[in-house]
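For reference, positions follow the sequence shown, starting with 1.
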Amino acid sequence: MMTESRRSVVATGSGRVRGVVEGPVVAFRGVPYAASPVGGLRFAPPRGHPGWSGVWDAARSGPAVPQAHSRLEGVMGPRGPDWDEDGCLNLNVWTPAAALAEGAVARPVLVWFHGGGWSSGSGGWDWYDGARLAALGDITVVTANYRIGPLGFLHLPAIGAGNLGPQDQGAVLRWVAENIAAFGGDPALITVGGQSAGAYSTMSLATDPATSGMIRRIIVQSGPLGLPPQEPADATTTTTAYLHLLGIDPADDPGRALRALPWQRLQDAYGQLDDGLDHKPGDIAPPMWSVLGGPGQPRAWQEAVAEGALDDTDVLIGSVSDEMTAFLEADARVQSFTRDEALTLLGALPGRLGTDAPLAYERYEAQHPDATPSRLYTELAGDRVFGDGGLQVAAHRADRGLPAYVYRFTRRPEPDEHRLGATHCAELPFLFGTFDTFPDAPMLGTVNGHDHDLARSFAGALAAFVTTGSPNGDGLADWHPDGPGPDPYVMRFGPEPV
């Protein structure tokens, strides 16, 4: 991490904040964008922060939203607990120091949302430190926390709980639109991006009329677009089971009871709820996520895109080549699959995008004659959940004469003892240039000079897209937008997968 040298003060609508100058970038960490969701504000839509007197010290990241440990710790490496409900609705801004000079040209803005299966993660973690990306692209980078797990996705509209995580994300976007000019950013040139659950959220924000008008461009990284939003009836059933685990009678003022419990009790019950689900291999859905028809999710993305919701939005979308190994490579059930077992479970996966499962399996089998049923299942499940949706978006835009830039990240770790390949989350150190924050991550392995070149190429292309709507620029590869026809143009970053 870069060392602190001197500080800079910026005025926001809630009060002044003091950041830290780190080389060519000024970092403002842990800035509140909403009031703490505690007491009566737990399970309530985000409220504006009451403000503060004096100057808020923004030298350090704020607390993460309360959560359990990530199920991908074995791939990404462990995180120490840094969560606290009080003060968790905070964001981080990295902006070029030159952008804060009087009369400076406003910089394009990237608002980026972390993944974590709607159950873990934090925009304040050093994995997602935006300093290097801001400096590389001469852009303003914003990351943020949003409520996750039961605190963010409990479906109980009677007490005000409905898609609270997406509502937090909308509040982040509004905060940026209202305040980013003070940080040298251009509120008329906002790109929203994210990875995994953050990419899913990006699609929701860009297709929701309540927020889409603030968004010029989107970057969708490994979005689980094959997972439909929850149906309200299913979410209600889940809520009933959750309240039962907590010993709360739904008819007896559940809001009061839920707000009186310590957050750890809420999280423990959420873990019990997850343990009780019949998770089939490849089913990555958590107990709770966005509910269809609720705030921030008025319709499914397929319907919105078909109706032209992204027609005025620049789109860059992509995936890694081995998405599902992070979830399935260590699953003994999958590794012992027969061909018939693989086909049966493929047909039961959510989303059902693209070709019928048996035909898709036969196609993959012909392309990889030495692959085991477990490997073929893993590949097909990854495409079903993470890959096909992006190609569907690109094809729709191509048919309408609109560009969409599609990528595939293929760099695999060396050594690759866990047979991960380019697994889910593998591109994140390359986007943010934060190799040093993943010292024990099997997905990364040993980093060499070629990896640093790849990081500059990948991050540079995405930063160029934030600035111009095209990932091409000086020293960058010639990346064509997807065109009409059966074979999409996909830009590959890294060597071809074996």
Side-chain angles (χ1 to χ4, degrees), residues 10 12-15 17 28-52 56 58 61-66 83-93 109-114 116 118 121-124 128 140-155 157 159-183 185 187 190-194 197-198 200-216 218 289-291 294-298:
V10 164
T12 74
S14 299
V17 296
F28 301 85
R29 298 182 175 91
V31 179
Y33 68 85
S36 288
V38 296
L41 295 186
R42 178 192 277 175
F43 296 118
R47 305 278 180 87
H49 197 278
W52 54 85
W56 186 281
S61 298
V65 176
W83 29 89
D84 189 343
E85 197 173 7
D86 191 8
C88 66
L89 297 186
N90 60 75
L91 53 76
N92 315 279
V93 181
V109 180
L110 171 62
V111 180
W112 193 90
F113 291 106
H114 69 81
W118 299 281
S122 170
Y128 314 126
T140 299
V141 177
V142 180
T143 64
N145 293 344
Y146 54 94
R147 279 173 284 182
I148 50 182
L151 295 171
F153 292 93
L154 179 71
H155 182 66
I159 69 166
N163 288 355
L164 295 173
Q167 290 195 64
D168 291 345
Q169 293 167 340
V172 169
L173 197 51
R174 284 186 286 274
W175 186 96
V176 170
E178 294 168 2
N179 291 283
I180 205 64
F183 296 83
I190 295 174
T191 298
V192 172
Y200 195 102
S201 303
T202 294
M203 282 292 288
S204 298
L205 289 162
T207 55
D208 179 3
T211 49
S212 59
M214 293 179 279
I215 301 172
R216 179 76 170 272
I218 59 171
W289 73 99
S290 295
V291 177
Q297 192 70 63

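To the nearest 0.5 Å, atom CD of residue Q297 and atom CG of residue N163 are 7.0 Å apart. Rounded to the nearest 0.5 angstrom, N179 CG and F28 CZ are separated by 12.0 Å. Interatomic distance, R29 CZ to L91 CG, rounded to the nearest 0.5 Å: 13.0 Å. One distance of note links OG of S201 with CG of D208; it measures 12.0 Å at 0.5 Å rounding. Of the inter-residue distances, the one linking S122 atom OG with W83 atom CH2 reads 9.5 Å to the nearest 0.5 angstrom. Interatomic distance, CZ of R147 versus CG of L89, reported as 5.5 Å (0.5 Å rounding).
Annotation: Y200 is not in aromatic contact with W289 [ring centroid separation under 6.0 Å not met].
The two residues P166 and F153 make their nearest non-hydrogen contact at CD-CE2, 3.4 Å. Of all non-hydrogen atoms in A206 and S212, the two that sit nearest each other are O-CB, 3.3 Å. Scanning all heavy atoms of the two residues, the minimum distance from G121 to A64 falls at O-CB, 4.5 Å. The two atoms that bring A210 and M214 nearest to each other are O-CE, 4.2 Å, heavy atoms only. In terms of heavy-atom proximity, N145 sits nearest to G123 at OD1-N, 2.9 Å. For the residue pair A197 and G116, the shortest heavy atom distance occurs at CB-N, 4.3 Å.
When side chains are defined from C-beta on, P37 does not count as touching L151, because their heavy atoms never get closer than 4.5 Å. Using a 4.5 Å heavy-atom threshold, the side chains of P63 and N90 count as touching. Here the side chains of V65 and Y146 are not in contact, with every heavy-atom distance at 4.5 Å or above. Contact check for F113 versus L205: side-chain heavy atoms found under the 4.5 Å cut-off.
Screening residues 33-45 for side-chain hydrogen bond (donor to acceptor under 3.5 Å, both in side chains), with sequence neighbours left out, gives S36-D86, R42-E85.
Under the side chain to side chain contact (heavy atoms under 4.5 Å, CB included) rule, V142 has a single partner from V176, L110, L173, which is V176. When T140, V93, V192 are each tested for a side chain to side chain contact (heavy atoms under 4.5 Å, CB included) with V109, only one passes: T140.
Among residues two or more places apart in sequence or in another chain, the ring-ring contact (aromatic ring centres under 6.0 Å, His included) test is passed with W112 by Y128, F432. When the salt bridge (Lys or Arg N to Asp or Glu O under 4.0 Å) test is applied to R174, no partner is found at least two apart in sequence or on another chain.
Using a 30° and 60° split on the angle between ring planes, H49 and W52 fall in the perpendicular class, above 60°.
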